[in-house]
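For reference, the structure is listed below as structure tokens.
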Amino acid sequence: TGDVCTADVQFADVLDIRENTVWLPDGRLLHAEPSGDMTVLTPCQLGSEKLTLHLPDAFNRIMATSKERDRILLESESAFWILDGHTLELMRIPDVTPNPYEIHWDTSTWLADGEQLVIGRLNGRKGSNGGATLYLLDGVTGEVLNTLELEGEFGQSAPWMEALTEEKVLYQTQGQWLMADFGVHPVSSINVMKDIFGLEASVPDDISAWGSYVKSDGSEYYLIARLNHPHNQSTYLYDSKTGQVYV
């Protein structure tokens with residue numbers, strides 16, 4: 001409609017709008033407060049629906065959303081939960097729990113088909129050198145289907161991740177941009193800069209920009225990186241369909 005509306009409720013603390021709100025399939029807005037309260041708002045209509053009294057846990061973070069299946073990954077202090085965007089029914093993930101030290105240390109992404117998701121979890125606190133684990137989970141049952149163990153010190157956050165296909169996930173950590181294939185056992189992982197682009201480059205120190213694009217039908221994806229060297233600032237593009245790298 002183009003109308004600009006203000007909700008008739010106030011929220012005390014909004015730290016990150018991406019981790020506090022998500023659009024439901026019916027056009028309503030779900031808002032999660034760091035305190036654990038959850039509210040559903042209808043655009044340009046007065047009133048709101050508090051979900052807190054009906055929920056089995058206090059959710060302080062919306063981690064990831066699958067637009068293909070309208071499934072939402074929520075995090076509480078003690079558990080991960082999958083919320084059905086249509087029915088608002090919740091399913092607790094049984095075998096993977098949040099890092100107990102800081103909630104922002106966990107990362108996640110839904111795979112392209114919305115049937116599976118990957119959760120990245122640190123195995124300790126900052127400085128523990130305990131490594132991290134990437135868990136492939138069934139998006140309906142929460143069952144762990146595959147894992148990838150990562151060694152080393154990861155600071156304050158598990159690896160940033162981005163889904164490419166129904167099986168492949170990009171993740172960036174410790175100066176490397178990597179691609180994990182969860183479709184095989186054990187999970188295989190390749191260095192994008194070295195094995196795909198043929199470059200000896202650290203991420204992000206040696207590049208000024210990098211990213212990916214997936215076609216809407218999931219048939220093809222592209223990877224792109226621009227070097228930031230004094231004598232080479234070329235842009236490199238990889239096409240998964242042809243396997244070619246263009247400069």
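Positions are given from 1, in the same order as the sequence printed here.
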Next on the checklist: If we ignore hydrogens and angles and just use 3.5 Å, is the side chain of Thr42 paired with the main-chain N or O of Gln45 as donor and acceptor?
Outcome noted: no
Item to check | Verify same cluster id: Val203, Val245 (apolar side-chain graph, 4.5 Å) | outcome: yes
Checklist entry - Do you know the tightest heavy-atom contact between Gly142 and Met91? => result N-CE, 3.5 Å
Checklist entry - Ion pair present between Asp26 and Arg28, side-chain N to carboxylate O less than 4.0 angstrom? => result yes
Item to check | Minimum heavy-atom distance Ser78-Asp57, with the two atoms named | outcome: OG-OD2, 3.6 Å
Checklist entry - Could you go step by step and tell me if Leu88 and Leu24 meet the side chain to side chain contact (heavy atoms under 4.5 Å, CB included) rule? => result CA-CA 9 Å; Leu88 300 186; Leu24 298 176; 4.2 Å; yes
Item to check | Any donor-acceptor N/O pair, Trp105 side chain to Gln156 backbone, under 3.5 Å | outcome: yes
Next on the checklist: Are Leu145 and Leu137 packed together at the side-chain level, in the sense that at least one heavy-atom pair is separated by less than 4.5 angstrom?
Outcome noted: no
Checklist entry - If only atom types and distance count, is the side chain of Asp181 paired as donor or acceptor with the main-chain N or O of Ser188 below 3.5 Å? => result no
Item to check | CH2 on Trp177 to CG on Leu199, rounded to 0.5 Å | outcome: 11.0 Å
Checklist outcome for this item: So CG of Leu74 and CZ of Arg92: to nearest 0.5 Å the spacing works out to 13.0 Å
Next on the checklist: Any heavy-atom pair between the side chains of Phe154 and Gln174 that's under 4.5 Å?
Outcome noted: yes
Next on the checklist: Going by the rule side-chain hydrogen bond (donor to acceptor under 3.5 Å, both in side chains), which residues pair with Glu149 if we only count those two or more places apart in sequence or in a different chain?
Outcome noted: Thr133
Item to check | side-chain hydrogen bond (donor to acceptor under 3.5 Å, both in side chains) partners for Tyr135, two or more places apart | outcome: none
Checklist entry - For Ile119 and Leu136, what are the C-alpha separation, side-chain angles and deciding distance, and is it a side chain to side chain contact (heavy atoms under 4.5 Å, CB included)? => result CA-CA 7 Å; Ile119 293 178; Leu136 175 69; over 6 Å; no
Checklist entry - Is the side chain of Asp113 donor-acceptor paired with the backbone N or O of Glu166 at a distance under 3.5 Å, no angle test? => result no
Checklist entry - Should Met179 and Ile224 be regarded as members of a common hydrophobic cluster, given that ILVMFWY residues are connected when their side-chain heavy atoms come within less than 4.5 Å of each other, either directly or indirectly? => result no
Next on the checklist: To the closest 0.5 Å, what do you measure between NZ (Lys67) and CH2 (Trp110)?
Outcome noted: 14.5 Å
Checklist entry - Between atom CD1 of Ile62 and atom OG of Ser108, what is the distance when rounded to the nearest 0.5 Å? => result 11.5 Å
Checklist outcome for this item: To the nearest 0.5 Å, atom CG of Leu41 lies from atom CG of Leu29 at 5.5 Å
Checklist entry - Do you know the tightest heavy-atom contact between Gly114 and Ser66? => result CA-OG, 3.2 Å
Item to check | Exam field: side chain Asn146 to backbone Val184, donor-acceptor pair closer than 3.5 Å | outcome: yes
Checklist entry - Taking the side chain from Thr107 and the backbone from Pro159, do they hold a donor-acceptor pair closer than 3.5 Å? => result yes
Checklist entry - Any sub-3.5 Å donor-acceptor pair from Glu33's side-chain atoms to Met38's backbone N or O? => result no
Checklist entry - Which heavy atom in Ala132 sits nearest to a heavy atom in Leu122, and how many Å separate them? => result CB-CD2, 4.0 Å
Checklist entry - Do the side chains of Val214 and Leu237 join up, straight or via other hydrophobic residues, at under 4.5 Å, putting them in one cluster? => result no
Next on the checklist: Quick one: does any side-chain atom of Glu75 pair with a main-chain N or O of Phe59 as donor and acceptor, under 3.5 Å?
Outcome noted: no
Next on the checklist: What verdict does the side chain to side chain contact (heavy atoms under 4.5 Å, CB included) test give for Val118 and Leu148, after you've listed the backbone C-alpha separation in whole Å, the side-chain angles of each residue and the deciding distance to 0.1 Å?
Outcome noted: CA-CA 10 Å; Val118 177; Leu148 176 61; over 6 Å; no
Checklist outcome for this item: Here the gap from Leu223 atom CG to Leu170 atom CG, rounded to the nearest 0.5 Å, amounts to 6.0 Å
Checklist entry - Looking only at atom types and distance, does a side-chain atom of Ser240 sit under 3.5 Å from a main-chain N or O of Tyr221, one as donor and one as acceptor? => result yes
Item to check | Gln233 side chain near Leu227 side chain, heavy-atom distance below 4.5 Å | outcome: no
Next on the checklist: Using the side-chain hydrogen bond (donor to acceptor under 3.5 Å, both in side chains) criterion, which residues pair with Thr6? Sequence neighbours excluded.
Outcome noted: none
Item to check | Between Ser189 and Tyr171: side-chain donor-acceptor atoms closer than 3.5 Å | outcome: yes
Checklist entry - Can Trp160 be reached from Leu164 by stepping across I, L, V, M, F, W or Y side chains whose heavy atoms are under 4.5 Å apart? => result yes
Checklist entry - With sequence neighbours excluded, what pairs up with Lys215 under the side-chain hydrogen bond (donor to acceptor under 3.5 Å, both in side chains) test? => result Glu220
Item to check | Residues Arg71, Glu115: salt bridge by 4.0 Å N-O rule | outcome: yes
Item to check | Test log, rule side chain to side chain contact (heavy atoms under 4.5 Å, CB included), inputs Ile190 and Ile196 | outcome: CA-CA 8 Å; Ile190 66 171; Ile196 292 181; 3.9 Å; yes
Checklist entry - Do Thr39 and Glu49 touch side chain to side chain, with heavy atoms closer than 4.5 Å? => result no
Checklist entry - Does the side chain of Leu134 reach to within under 4.5 Å of the side chain of Thr147, using non-hydrogen atoms? => result no
Next on the checklist: I'd like to know if the side chain of Asp106 reaches the main chain of Asn99, judged simply by a donor and an acceptor atom lying under 3.5 Å from each other, with no hydrogens or angles considered.
Outcome noted: yes
Item to check | Residue pairs, two or more places apart or on separate chains, that pass side-chain hydrogen bond (donor to acceptor under 3.5 Å, both in side chains) and touch residues 196-212 | outcome: Glu162-Ser212
Item to check | Transitive ILVMFWY side-chain link Phe197 to Tyr222, under 4.5 Å | outcome: no
Item to check | Partner residues of Asn191 under the side-chain contact (heavy atoms from CB on, under 4.5 Å) criterion, sequence neighbours left out | outcome: Gln176, Leu178, Met193, Lys194, Asp195
Item to check | Minimum heavy-atom distance His86-Pro25, with the two atoms named | outcome: CE1-CB, 3.5 Å
Item to check | Least distance between heavy atoms, Thr97 atom then Phe80 atom | outcome: C-CE1, 3.4 Å
